[in-house]
Amino acid sequence: MNTECANLLSFLSGELGEKEKKAFAEHLIQCSECTREYEQMTVAWDSLKWDFEEMEPSSSLKSEVMNFVFETDEEVPVRRGKKWSGFFFKQFTPVTSGLLLAVLVLVFVLLYSNIQLKKELAAINLPTEVKTSLSLQPANKTAVKMNTDGAAYILQQGEERRLIVQTQNLPSLQDSEVYQVWLLKDGKRRNAGTFKPDEEGTGSLTYKLSIDDKFNQIGITREPDSNSKKPRGEKIVGSS
């Protein structure tokens with residue numbers, strides 16, 4: 001959704017300033033989606049005054065509304081929804097009630113889309129920083145290729161941290177074998193996932209770090225399968 005499209009509801013309700021109102025009016029001419037929604041919502045609102053059937057409020061209306069407001073949180077939300085839908089159909093004709101409910105749903109969808117868009121834009125605009133970088137070297141230079149190596153990086157974007165592991169010239173795997181990444185801190189290991197390299201021995205892994213993921217070393221082992229809870233195979237590369 002274009003950021004300008006999110007102003008449709010504010011334009012209809014008259015909440016925009018003169019400058020914003022003029023800008024959206026120009027956008028409305030060019031955007032077929034906004035034009036369609038604007039026409040539908042305008043028709044819905046205009047039809048309310050013709051379809052409205054004036055009714056004398058019942059003597060119990062005030063008490064019903066107040067009871068709804070002060071009901072306890074233990075009442076099921078679906079039951080409340082039924083009460084309000086019943087209230088609409090009592091006060092308005094079926095056509096008007098349907099239009100009102102449709103408009104309310106549309107307003108909710110537009111507001112939710114606007115909130116999600118703002119979150120996405122905020123995430124995009126956050127800078128990404130390299131907080132830590134580690135060099136990965138062969139654990140046993142006589143057992144693996146001399147040029148097997150790699151690197152690991154901790155990237156931070158806002159509150160999120162991600163571990164990026166990149167390796168090259170790894171020995172090829174057999175059948176169900178995988179390479180497994182371990183995070184080490186004070187002799188304790190945490191599983192950070194598995195990966196398989198391509199035919200040239202190049203492999204990579206991305207792991208989202210939680211608050212509890214604290215480590216100062218990385219080890220990569222060759223495991224018989226992806227079910228290892230602790231290392232069962234040989235350590236191939238790791239940080240010093």
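If you read the sequence from its start, that first residue is 1, and numbering goes on from there.
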Is [Y] reachable from [X] through a run of hydrophobic residues whose side-chain heavy atoms are each under 4.5 Å from the next?
| X | Y | answer |
| --- | --- | --- |
| Leu134 | Val165 | yes |
| Leu136 | Ile164 | no |
| Ile218 | Phe195 | yes |
| Val237 | Ile154 | yes |

Measure the shortest side-chain to side-chain distance between [X] and [Y] over non-hydrogen atoms and say whether it is less than 4.5 angstrom.
| X | Y | value |
| --- | --- | --- |
| Leu173 | Pro197 | yes |
| Leu183 | Leu209 | yes |
| Lys230 | Arg189 | no |
| Ile236 | Thr167 | no |
| Tyr207 | Asp213 | yes |
| Arg232 | Asp225 | yes |

Problem set entry | Interatomic distance, Asn216 atom CG to Lys185 atom NZ [nearest 0.5 angstrom] |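 So the CG of Asn216 and the NZ of Lys185 are separated by 5.0 Å.
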
Problem set entry | Donor-acceptor pair between Glu223 and Thr221 side chains, under 3.5 angstrom | yes

Problem set entry | Residues, nucleotides or ligands: over 12 heavy atoms within 6.0 Å of Lys214 NZ | no

Exercise. Does NZ belonging to Lys208 count more than 12 external heavy atoms closer than 6.0 Å?
Worked result: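 Counting neighbours around NZ of Lys208, 12 or fewer heavy atoms of other residues, nucleotides or ligands fall under 6.0 Å, so no.
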
Problem set entry | Minimal non-hydrogen separation, Ala152 against Leu163, with atom names |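 For Ala152 and Leu163, the tightest heavy-atom pair comes out as CB-CD1, 4.2 Å.
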
For this session: Provide the closest heavy-atom pair for Pro224 versus Ser176 in the form atom of the first, atom of the second, distance.
Result: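 Scanning both residues, the minimum pair turns out to be O-OG, 2.8 Å.
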
Problem set entry | Test log, rule side chain to side chain contact (heavy atoms under 4.5 Å, CB included), inputs Trp182 and Asn191 | CA-CA 5 Å; Trp182 304 93; Asn191 177 17; 3.9 Å; yes

